[in-house]
Amino acid sequence: MAHYDIQRIRNDFPILAATIYDKPLIYLDNGATTQKPQSVIDAISQYYSTLNSNVHRGVHYLSQRATDAFEASRKKLQVFLNSLHDHEIIFTRGTTESINLVAACYGKAFVNAGDEIIISALEHHSNMVPWQMLCEDIGATLKIIPITDAGELDMDAFRLLLNDRVKLVAVAYISNSLGTINPVREIIKLAHGYDIPVLLDAAQAVQHVPIDVQELDVDFLAFSGHKMYGPTGIGVLYGKEKWLNKMPPYQGGGEMIKRVTFEKTTYNELPFKFEAGTPNIEGVICLSAAVDYLNDIGLANIYTYEHELLEYATNALLDIPELRLVGTATEKSSVISFLIGNVHPYDVGVILDKLGIAVRTGHHCTEPLMDRLCIPGTVRASLALYTTVDDIDTLVEGIKKAASMLLA
Ligand code: PLP
């Protein structure tokens with residue numbers, strides 16, 4: 001891509017200049033967490049040096065400025081996702097908490113014994129266990145959309161699962177283990193045909209593809225700041241106002257109340273009803289810097305660049321005779337999972353680490369998916385907006401070396 005200045009982008013991330021065991025760092029564990037640009041690092045330091053104060057409750061200058069910055073960040077997220085209202089943006093600790101919030105609060109309001117919740121076979125444990133817990137508590141049933149051997153959802157099977165007992169469909173936009181981009185528009189359309197709301201786990205999507213929640217017509221969307229070049233410990237739940245208003249609060253405490261007496265508490269309006277206690281002020285304000293960073297490059301440009309890189313990497317890896325790709329969906333994003341012969345993924349990961357190459361090995365918090373594919377786990381290289389062709393070439397050389405050592 002001619003106008004994608006990869007060197008300038010890399011210069012924005014100080015950690016990318018690091019050496020590991022005297023080798024240049026090749027960071028390919030972006031699905032787990034991304035590195036941070038200098039602008040986000042500076043925003044954190046700036047917040048504590050110039051703005052630190054509690055929000056929403058102070059009359060004094062600093063508190064008001066911190067509150068303004070906090071609420072400006074909410075607005076920025078609203079524009080980023082194109083949600084109708086800023087109060088549809090709820091700040092949480094991350095994707096996991098966002099999904100747990102919906103399971104707890106939507107579950108309390110809308111799910112009863114005998115009802116059904118649909119997830120898919122490729123979900124992260126974060127989009128599986130909360131629904132399992134809800135179903136166990138309430139006496140509802142969890143239904144699973146099966147996948148094909150390539151790692152695509154079986155949409156015919158999904159159609160057959162839909163009925164009036166289903167109260168929610170919760171699926172990943174993009175699979176963290178396989179990179180499959182799920183046909184979310186079709187899923188939402190089909191579910192809405194039965195008036196069933198849809199939650200998208202966008203933990204692996206929001207940093208790779210432009211998302212417009214109104215265009216998608218999605219009901220809930222969850223993601224984490226730390227996977228989109230922002231701070232750790234902050235995340236977002238987008239929810240349509242019509243659902244959020246009908247859901248009870250998540251936790252009790254300060255901020256989420258309107259009036260408290262010993263006899264009765266009335267709850268605050270959106271979004272504060274779901275934001276009990278002092279929030280992660282630093283996280284919220286600095287997430288805004290991460291959104292600015294993504295907007296400056298442009299998600300459409302990021303998608304094109306990463307897609308070309310994914311194709312380059314896939315072709316290069318397929319040239320290694322002992323390598324088997326795990327996850328070969330037609331629509332994929334930024335994740336390459338693979339195995340080398342019968343070698344345990346961990347052993348490959350250890351050798352790559354000694355070469356300065358950071359990949360992830362194991363089940364990637366998708367144990368049922370690994371069971372379905374009859375493998376213990378994979379080696380996963382996950383790309384980011386700063387990954388280069390040279391990174392991929394070094395990975396390929398590293399894998400060849402690991403294969404020659406482990407298969408000898
Ligand atoms: N969902 C998916 C698809 C993920 O990849 C992850 C993290 O890897 C999560 C949920 C959980 O995210 P977090 O740990 O930031 O809450």
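First listed ligand is number 1; within each ligand, the first listed atom is number 1. These numbers come from the heavy atoms of this one structure, side chains and all, not from hydrogens, waters or symmetry mates.
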Requested in this report: Could you list which atoms of ligand 1 come closer than 4.0 Å to a heavy atom of S224?
Outcome: 12 (O), 13 (P), 15 (O), 16 (O)
Query raised in the report: What is the ring orientation for F220 with W243, classed by angle as parallel under 30°, tilted 30 to 60°, or perpendicular over 60°?
Result: tilted
Query raised in the report: Taking it one step at a time, do D292 and K76 satisfy salt bridge (Lys or Arg N to Asp or Glu O under 4.0 Å)?
Result: CA-CA 9 Å; D292 284 340; K76 189 159 288 171; 2.9 Å; yes
Report task. May I ask whether H226 places a heavy atom under 4.0 Å from ligand 1? Result -> yes
Query raised in the report: Is the shortest side-chain N to carboxylate O distance from K167 to D115 below 4.0 Å?
Result: yes
Query raised in the report: So does D217 pair up with R185, basic N to acidic O under 4.0 Å?
Result: no
Query raised in the report: Is D156 salt-bridged to R159, going by a charged N under 4.0 Å from an acidic O?
Result: yes
Query raised in the report: Looking only at protein heavy atoms, which one is nearest to atom 8 (O) of ligand 1, and how far off is it?
Result: K227 NZ, 2.6 Å
Requested in this report: Output yes when D29 and R360 qualify as a salt bridge under the 4.0 Å nitrogen-oxygen rule, no when they do not.
Outcome: yes
Query raised in the report: Tell me: protein heavy atom nearest atom 5 (O) of ligand 1, and distance?
Result: Q204 NE2, 2.7 Å
Requested in this report: Could you tell me whether E88 and R74 make a salt bridge, using a distance below 4.0 angstrom between a side-chain N and a carboxylate O?
Outcome: no
Report summary line: If you scan protein heavy atoms around atom 3 (C) of ligand 1, the nearest is D201 OD2, 3.4 Å
**Report entry** Nitrogen or oxygen atoms of E97 and ligand 1 under 3.5 Å apart
**Finding:** no
Query raised in the report: Between S126 and ligand 1, which part of the residue brings a heavy atom under 4.0 Å of the ligand: side chain, backbone, both or neither?
Result: side chain
Report summary line: protein heavy-atom neighbour closest to atom 14 (O) of ligand 1 works out as T96 OG1, 3.6 Å
Query raised in the report: To which protein heavy atom is atom 4 (C) of ligand 1 closest, and what is the distance rounded to 0.1 Å?
Result: H124 CD2, 3.3 Å
